[in-house]
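Okay, so here's the structure we're looking at.
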Amino acid sequence: MSRTSQISGDAAPLAFNDNPAADSRQPRSISTGTQSHRLSSGGQIDRKQPLGFTFDGKKMVGFAGDTLASALVANGIKLVGRSFKYHRPRGILTAGAEEPNALVELRGGARREPNTRATTTELYDGLAAESQNRWPSLRHDVMAVNSLFSPIFVAGFYYKTFMWPAKLWEKLYEPAIRRAAGLGKASGAADPDHYEKAWAHCDVLVVGSGPSGLAAALAAGRAGARVILAEEDSRLGGRLLSENGEIDGKPVAEWLAGAQREIAALANIRVMTRTAVFGVYDGGTYGAIERVNDHVPVPPAHQPRQRLWRIVAKHAVVAAGAIERPLVFPGNDRPGVMMASAVRSYINRFAAMPGRQVALFTNNDDGWRTAEAVQRAGGAVAAVIDSRGAAPERYRGLSAKLLGGVVSAVNGGVDCVRSIVVRDAGGRTQQIETDCLAMSGGWNPNVALSSFHRGRPVWRDDIAAFAPGQCPPGMVMVGAASGDFSLAACLREGHAAGEDAAKACGAKGKAGEAPKGDDEVFAIKPLWHVEGGKAFVDFQHDVTASDVKLAQREGFESVEHLKRYTTLGMATDQGKLSNVNGLALMAEATGRSIGDTGTTIYRPPYAPVAIGALAGHHRDENFHAWRLTPSHHWAAERGAVFVDTGLWKRAQWYPIDGEKDWLESVTREVLAVRNGVGFCDVSTLGKVDVRGPDAGIFLDRLYINTFSNLAVGKARYGLMLREDGLVYDDGTTSRLAEDHYFLTTTTAKAGPAMQHLEYCRQVLWPELDVQLTSVTDQWAQFSIAGPNTRDLLKNLCDPSEDLSNEGFPFMGVREVSLRGGMRARLYRISFSGEMAFEIGVPARYGEAMAENLMRAGAEFGVTPYGTEALGVMRIEKGHVAGPELNGTTTADDLGLGKMMSKKKDYIGRAMAGREALTAPDRQVVVGIKPVNKTNRLRSGAHIIPKGAAPGPETDQGYLTSVCYSPMLGHWIALALVERGRERHGEIVRAYDPLRGEDMDVEITSPVFYDPEGGRQRG
Amino acid sequence: MRIACPFCGERELGEFTYLGDAAPKRPMAFAADGAEQPEAQDLFFDYVYLRDNVAGDMTERWYHGGGCRSWLTVTRNTTTHEIKAVHAAPGAGAQKRTKAGATS
Ligand SMILES: [Zn+2]
């Protein structure tokens, strides 16, 4: 039988032919020049588009269509990196996303990208790649000395060696280990590119565009379903791009071109290339990462580098293929040892010949196709070593030297294989000259996506691999991903799954016939380990077969323990190549079956996802949304200093020329208010419109005090508890009409309180006729405070408005007309303790109102003040705020126990009566003054009785709110102190070990200023 | 996870806030005759703190804060996250009300 007739006639396993040039059946020769290993014809590369690139500074040329790895292969480069632990020389092992060795640093400066797989990096002109984890150079790496000490770098080495003394870990061991072991280095600079996030929705998501995926997409698309076809690679085809064979009687390349034309013509199929589906989430949501501009040096203007997709699919057909498994034999990590399927990819897809004398080591039929591909391309096969002893029937015509047995040693230099030693069953050895050893240990179906919902893969002896177990709802695995490796099965299963999924989504169209391909048998006899030297299981983490056995001897038999003890499968490749070999070795060592040994839990992401992509635009100043107060721009123009309070930017103080620090500005603002008039934007308080005949009853059940008896036109301070009896929130609520209240919350609780109110209305008391509307953003609200407030308001309001104490008493509320006719809400409430009003106008008038307040108050020296002065004045008045409403205090702790109604039920009422919440020794709010008036108080300082040693037993409370009081001329504080109300006048210690401070302070009433309250009522 | 809000349709998890078990009912602090329930504190203790640790179907309260601001009662399998039913809370939306003063 001639070689040509065999290729086209016999149904070779996955024997596709994508390659128009290969159709000529003419052996190709290796071209000369820098691309010493480039074939002169064939491949999916464009020889008219040469691309210059560098590797470790060396200039080389590749072609459009190359990956960095294929360009390196074409240029005869075999050594590309150093391993993680032993710094062993490593070469390109695969041609895909599973690559553990060929990791490089791409790009420079802030765009430096470590640990990038050369096998998935599309070549672009000017690409600059550097090898990693070597010093001073890749060829001469001083840390390779680690390899000499490898007997001590065994499994669990770090745990065993650096256990004691523990304190040396942080200072000595960890930094040293981090220097010696590791991969690439991040740039340390902010990423200059941007990333975005997007949603997509479809009926059928097809993952992978090999024969199964294309058949599924075509069937579902023809039937009329909305289809998304996601492909990790830059082009469609999957293994069809790398194999020879026929579909529907046509060479695969021709069939593939036709399929792509049909897909392009179907408007209901959306093709997403360069998009890796990395996770499966509840409700048919899939995570995918699109590498939008990784194939160019710098993304074009206004385009992201990557895009994070969340794809919502009613059904998913996962055609993720399979990953070829390495064989575990001594020297299997030397540069020049390569996966057999990768050798075929480099030859068929990239027209690059990985070696001049290719040897093949296999335990299954599929590996033989590499020998065939090498010969077809005009290369030489040094030998085929089949551990099963005989050639499969269909390859008997191949003119290659067949050896039964195993590869027991790989000889060569730092950068290449030179020869291998083959050992037969009788122990006899012979040496074979080769510069490229292709290995095939069988195929592992890519079960990851089926296993992210705790589906456990199932061991199948016939393919010696794990196949998918229970899939997440709505997902089906097809083709090689389901363990069915023949081309015919891939096409058949893909078509059927696509048709079924479309039908299940209600598509009515015809799916057509399934494409037909070769149906061949996949035969394998497992070979898990060849004894005789350092044989690598996990290439990226340098885990050897003996490490796995050592772990077993030391009792780490569970696969989860094996993983963590040896770090098998924990590198950036997440064990795509290594896990099954590791499990098989553990099974062998424990005498269990591989199925019983089981796999570790699969977790997303399947492919690496940049943190930048997960963050998207939510970084730096856009990390979260900003909320600007209605007078923000006015305040910014006046030079206000802003503070973040939740999402809000609030004016903290308004510095004026000549002021040396914040304290000077804040003190000026406080004195201006207390002696004249000032105003402050308080629009950030939560505001809720409460309407309906049952509004009063609703508020009675919500607050500890009563609102149903509040007169129309009056406001009242209210306190809410949580159902556990602790204080939730406070604020002023006004009654604007019989069935209309206006409720306010603190700034911090505006959102949560609204949710709580809705819960009470919708869930607890649906029988109440009441409606809630959040109006926080609708009102610009200013507090106007100080003895001249009324004078300012007279300039602002229509002269007909009576603002006298009788016409507008303390806690009065009503709508007023402003000069010019505009209406505003006026509330006579005071947080500062001064004569004060709050005025509310529609939010769009916020800046105009600030300007009008300045104008109306000009003759009284009106002063805008910020949150800092607001805080000082509330501490001087002993008003509690966030630091006291801290989730541990009761109404009585805050001095508000008398507000708790005894006549009605309200949220928190029953639980507030618990023993511990009413105990007499609780910490309650008091005032604190330093004995030495020049001392500065610090919030957080502990209250310790005089004469007692500080400690948890003597700790009696702490300072919650601290300020410098301009009115008293020294620092003051509010504090929570045990039995504090009985202890006014007592001298205690304010002890602050954090700042090394310790001083005597006096416990006082929390109201430091105007305790009778005459000023606010005047 | 995705929740089909009866008012807004199927929406993504990020629009919702989880509260917890929908089974506990808020006890009455006062009896029908206006007298205080002597055991109110015990009843409220159960209501506030005691929860079953359900492995399987559970009714839960979810809040559609990123949408219609409705409270929803969701039946969810806590081991698979499968959502079997979604209902609006009795007072959500524009549903007909019973007379004020009646209890839920
Ligand atoms: Zn909704």
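Naming: A, B, ... by sequence-line order, numbering from 1 per chain. None of the values given here were measured: they were computed from a predicted structure.
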CG/B/D52: more than 12 non-hydrogen atoms of other groups inside 6.0 Å | no
Okay, A/H756 and chain B: the region with an atom under 4.5 Å from a heavy atom over there is neither
With the side chain counted from C-beta on, respond yes when B/F44 and A/E723 share a heavy-atom pair under 4.5 Å apart, and no when they do not.
-> yes
Using non-hydrogen atoms and a 4.5 Å limit, figure out which bit of B/F45 sits close to chain A: side chain, backbone, both or neither.
-> both
Select, from A/K904, A/K903, A/H453, the one with the greatest count of heavy-atom pairs under 4.5 Å involving chain B.
-> A/K904
Is it the case that more than 12 heavy atoms not belonging to A/Q470 sit under 6.0 Å from its CD atom?
-> no
With a 4.5 Å limit on heavy-atom distance, are the side chains of B/E82 and A/P473 in contact?
-> no
Do the non-hydrogen side-chain atoms of B/R2 and A/D282 ever get within less than 4.5 Å of each other?
-> no
Can you tell which part of A/Y281 gets under 4.5 Å to a heavy atom of chain B, answering side chain, backbone, both or neither?
-> neither
Kindly indicate whether the side chain of A/D724, heavy atoms from C-beta on, has any atom under 4.5 Å from the side chain of B/Y49.
-> yes
Less than 4.5 Å apart, any side-chain heavy atom of A/R909 and any of B/E36?
-> yes
Of the non-hydrogen atoms in A/Q762 and B/A92, which two are nearest, and what is the gap between them?
-> OE1-CB, 3.3 Å
Given a strict heavy-atom distance threshold of 4.5 Å, which part of B/T17 is in contact with chain A: side chain, backbone, both, or neither?
-> side chain
Among B/R61, B/R69, B/E12, single out the residue with the greatest number of heavy-atom pairs under 4.5 Å to chain A.
-> B/R69
Got more than 12 heavy atoms from elsewhere within 6.0 Å of NZ, B/K84?
-> yes
Measuring heavy-atom distances to chain B, does A/R310 have an atom under 4.5 Å in its side chain, in its backbone, in both, or in neither?
-> side chain
Drop me the distance from A/E758's CD to B/H64's NE2, to the nearest 0.5 angstrom.
-> 13.0 Å
Does atom CD1 of A/I611 have more than 12 heavy-atom neighbours, drawn from other residues, nucleotides or ligands, at distances under 6.0 Å?
-> no
Report, as yes or no, whether the 6.0 Å neighbourhood of atom CZ on A/R603 holds more than 12 heavy atoms from other residues, nucleotides or ligands.
-> yes
Toward chain A, the part of B/L43 with a non-hydrogen atom under 4.5 Å = neither
Less than 4.5 Å apart, any side-chain heavy atom of A/R761 and any of B/W71?
-> no
Student check: side-chain heavy atoms of B/R26 and A/I907 closer than 4.5 Å = yes
